[in-house]
Engineer: 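Take a look at this one; I'll ask things after.
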Amino acid sequence: MIRPRRNRRTTAIRSMVRETTLCAADFILPLFLHEDAHDTPINSMPGVTRWSLESLVREAGEAHALGIPAVVLFPKIEETLKTQDAAECHNDDGLVPRAIRALKAAHPSLCVITDVALDPYNSDGHDGLVQRDERGELVILNDETVEILCQQALCHARAGADIVAPSDMMDGRVGAIREALDAEGFSDVSILSYTAKYASAFYGPFRGALDSAPKEGDKKTYQMDPGNTREAVRETLLDEAEGADMLMVKPAGIYLDVIAKVRETSTLPVAAYQVSGEYLMIKSASAAGWLDEKAAALESLTAIKRAGASMILTYFAKQAAQWLGQRW
Ligand code: PBG
């Protein structure tokens with residue numbers, strides 16, 4: 001008789017027939033930072049901290065020592081520096097460029113990824129520039145925003161970023177950023193494009209962490225509709241044609257079909273972002289004693305990799321790397 005259960009009989013056999021195995025090199029650690037000299041635990045995201053520059057460098061070093069190859073930076077910008085034109089986003093002495101320089105100086109082999117979008121810098125809290133039309137409705141300007149995103153990407157490249165990751169969902173920004181980087185001699189700086197970023201309720205805790213929620217309106221005119229996958233294919237083809245080096249799907253665990261579709265559509269590496277709401281669901285259910293945190297977190301990450309992601313942005317990165325190191 002054919003018995004599939006024979007392949008599940010012992011830990012050793014299961015480990016040999018396993019199709020998807022996680023390792024620390026799969027993870028990218030998102031790190032929050034601010035100008036203050038002290039560290040602040042983020043209320044909306046248990047276990048996650050907003051770091052001072054000094055602590056950021058230490059934390060990134062610890063993650064790297066655990067085998068995590070990359071970090072991605074998310075700054076909380078002081079309210080007084082936020083303007084309608086988000087000019088602080090391309091200030092060479094700004095928080096992010098200083099953090100990039102400090103990280104690369106302390107950990108040269110660490111891959112530093114930056115978020116390219118205006119929401120932390122923009123007094124309106126949107127990823128792009130905001131204008132009001134004649135009916136008084138908010139309009140997010142596309143092409144004007146792309147020009148500023150190019151300046152932001154160049155500023156990060158000048159500071160030494162390895163990869164810039166546009167998370168804004170404006171049309172044409174990947175091609176424009178590629179052209180701007182190449183024109184300034186940064187042909188080695190990669191673009192990790194947020195290809196299919198959905199207008200998701202699961203970003204809520206993150207926006208709390210950075211005070212970056214839109215002051216008015218929502219992000220549905222630029223982020224994707226949760227009902228669509230064919231549109232993700234369209235965005236994939238465009239990003240590939242515009243010169244993206246890597247593609248990203250976000251959120252991750254509730255969009256596994258999209259990850260699989262993007263993976264099948266393109267030969268570029270696929271990343272997925274397990275976002276703050278996904279993290280919080282597992283964290284809070286485990287804190288209440290309703291889920292086994294380690295098992296649930298590793299299972300969720302395995303599922304994201306199984307669906308086709310070869311890089312996972314996750315707030316569990318450090319913990320997961322530690323857990324995997326002590327698996328047996
Ligand atoms: C904004 C940005 C967001 C996240 C990453 N970059 C929030 C948003 O689009 O409103 C969310 C990450 C998370 O929820 O963990 N450019």
Side-chain angles (χ1 to χ4, degrees), residues 27-33 42-50 70-77 82 86 88-89 95-96 113-130 138 140 142 145-146 148-149 152-153 156 163-170 173-174 177 191-226 235 248-255 271-284 297 300-301 304 309 311-317:
F27 305 136
I28 296 171
L29 175 65
L31 288 173
F32 297 102
L33 65 154
I42 297 173
N43 289 335
S44 57
M45 299 174 69
V48 181
T49 303
R50 220 166 41 228
V71 297
V72 57
L73 304 181
F74 293 105
K76 179 171 153 76
I77 300 299
K82 296 186 184 183
E88 178 64 14
C89 80
L95 182 59
V96 168
I113 307 176
T114 58
D115 193 63
V116 173
L118 305 188
D119 52 320
Y121 301 94
N122 175 316
S123 41
D124 301 289
H126 277 283
D127 291 18
L129 297 177
V130 172
L138 285 193
I140 311 300
N142 194 91
T145 298
V146 170
I148 301 179
L149 296 173
Q152 188 181 17
H156 296 171
I163 302 179
V164 293
S167 70
D168 56 289
M169 290 303 279
M170 297 301 121
R173 91 281 207 211
V174 171
I177 292 173
I191 300 177
L192 163 58
S193 175
Y194 285 66
T195 297
K197 177 173 178 181
Y198 287 86
S200 174
F202 289 81
Y203 307 149
F206 173 98
R207 294 179 188 169
L210 296 183
D211 273 340
S212 63
K215 298 279 186 313
E216 188 186 328
D218 54 40
K219 299 193 174 185
K220 289 180 184 166
T221 65
Y222 45 106
Q223 298 182 347
M224 281 177 48
D225 189 302
E235 290 283 4
M248 195 197 301
V249 175
K250 177 180 175 186
I254 47 176
Y255 289 86
Y273 197 144
Q274 182 180 55
V275 300
S276 54
E278 297 177 78
Y279 171 80
L280 195 65
M281 285 196 298
I282 295 174
K283 272 311 235 202
S284 50
S300 71
L301 295 166
I304 293 165
M311 296 165 275
I312 307 172
L313 291 84
T314 173
Y315 304 101
F316 284 116

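As the structure is a prediction and not an experimental result, all values here were calculated from the model. Counting starts at 1 for both ligands and their atoms, in listed order. Values below: every heavy atom of this structure, side chains too, minus hydrogens, waters and symmetry copies.
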Engineer: Could you list which atoms of ligand 1 come closer than 4.0 Å to a heavy atom of A117?
Structural biologist: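 Near A117, meaning under 4.0 Å from one of its heavy atoms, ligand 1 has 16 (N).
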
Engineer: Run the ring-centre check on F27 versus F316 and record whether the distance is less than 6.0 Å.
Structural biologist: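 Here the rings of F316 and F27 have centres that are no less than 6.0 Å from each other.
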
Engineer: Taking 4.0 Å as the limit for heavy-atom contacts, which would you say applies to D127 with ligand 1: side chain only, backbone only, both, or neither?
Structural biologist: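 Side chain only.
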
Engineer: Measuring from atom CE of M170 to atom CG of D127, what distance do you get when rounded to the nearest 0.5 angstrom?
Structural biologist: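 Rounded to the nearest 0.5 Å, the CE-CG separation comes to 6.0 Å.
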
Engineer: Heavy atom to atom 8 (C) of ligand 1, shortest distance: which of Q274, K219, M169 holds it?
Structural biologist: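 Residue with the shortest heavy-atom distance to the ligand atom: K219.
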
Engineer: Among Y222, Y273, Y203, whose side-chain contact (heavy atoms from CB on, under 4.5 Å) with K197 holds?
Structural biologist: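 Result for side-chain contact (heavy atoms from CB on, under 4.5 Å) with K197: Y203.
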
Engineer: If you take the nearest heavy atom of each of Y203, Y315, Y194, which one is closest to atom 15 (O) of ligand 1?
Structural biologist: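 Checking each option, the heavy atom nearest atom 15 (O) of ligand 1 is found in Y315.
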
Engineer: Counting non-hydrogen protein atoms only, what is the nearest one to atom 12 (C) of ligand 1? Give residue, atom name and distance.
Structural biologist: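 Checking every protein heavy atom, the shortest distance to atom 12 (C) of ligand 1 gives F206 CD1, 3.3 Å.
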
Engineer: For atom 10 (O) of ligand 1, which candidate among R207, Q223, E278 holds the nearest heavy atom?
Structural biologist: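 Heavy atom nearest to atom 10 (O) of ligand 1 belongs to R207.
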
Engineer: Using the test side-chain hydrogen bond (donor to acceptor under 3.5 Å, both in side chains), find all partners of D115 that sit at least two apart in sequence or belong to another chain.
Structural biologist: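 D115: side-chain hydrogen bond (donor to acceptor under 3.5 Å, both in side chains) contacts with S167, Y194.
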
Engineer: Nearest heavy atom to atom 13 (C) of ligand 1 wins, so pick from G125, S276, A213.
Structural biologist: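 Result: the heavy atom closest to atom 13 (C) of ligand 1 is in S276.
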
Engineer: List the residues meeting side-chain hydrogen bond (donor to acceptor under 3.5 Å, both in side chains) with Q274, not counting sequence neighbours, and say none if there are none.
Structural biologist: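 So Q274 forms a side-chain hydrogen bond (donor to acceptor under 3.5 Å, both in side chains) with S300, T314.
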
Engineer: Touching ligand 1 at all, Y273? Heavy atoms, strictly under 4.0 Å?
Structural biologist: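 Yes.
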
Engineer: Starting from atom 16 (N) of ligand 1, find the nearest protein heavy-atom neighbour and note its residue, name and distance.
Structural biologist: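 Here the closest protein heavy atom is S167 OG, 2.8 Å.
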
Engineer: Which atoms of ligand 1 have any heavy atom of F74 under 4.0 Å away?
Structural biologist: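 In order of number, 5 (C), 6 (N).
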
Engineer: Find the distance between CE (M169) and NZ (K250) and round it off to the nearest 0.5 Å.
Structural biologist: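 Answer for the CE-NZ pair, M169 versus K250, is 10.5 Å.
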
Engineer: Measure across P120 and P75 and return the closest heavy-atom pair with its distance rounded to 0.1 Å.
Structural biologist: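 It is CB-O, 3.7 Å.
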
Engineer: I'd like to know if K197 contacts ligand 1, where contact means a heavy-atom distance under 4.0 Å to any ligand atom.
Structural biologist: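 Yes, K197 has a heavy atom closer than 4.0 Å to ligand 1.
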
Engineer: Hey, is K250 one of the residues with a heavy atom under 4.0 angstrom from ligand 1?
Structural biologist: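 Per 4.0 Å heavy-atom rule, K250 contacts ligand 1.
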
Engineer: S193 side chain to M248 main-chain N or O, any donor-acceptor pair under 3.5 Å?
Structural biologist: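 Checked: no pair found.
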
Engineer: Around atom 1 (C) of ligand 1, find the nearest protein heavy atom and jot down its residue, atom name and distance.
Structural biologist: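 Its nearest protein heavy-atom neighbour is D119 OD2, 2.9 Å.
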
Engineer: Can a donor-acceptor pair be found, under 3.5 Å and without considering hydrogens, that links the side chain of N122 to the backbone of G128?
Structural biologist: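 Indeed, once roles are kept as given, a pair shorter than 3.5 Å links the two residues.
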
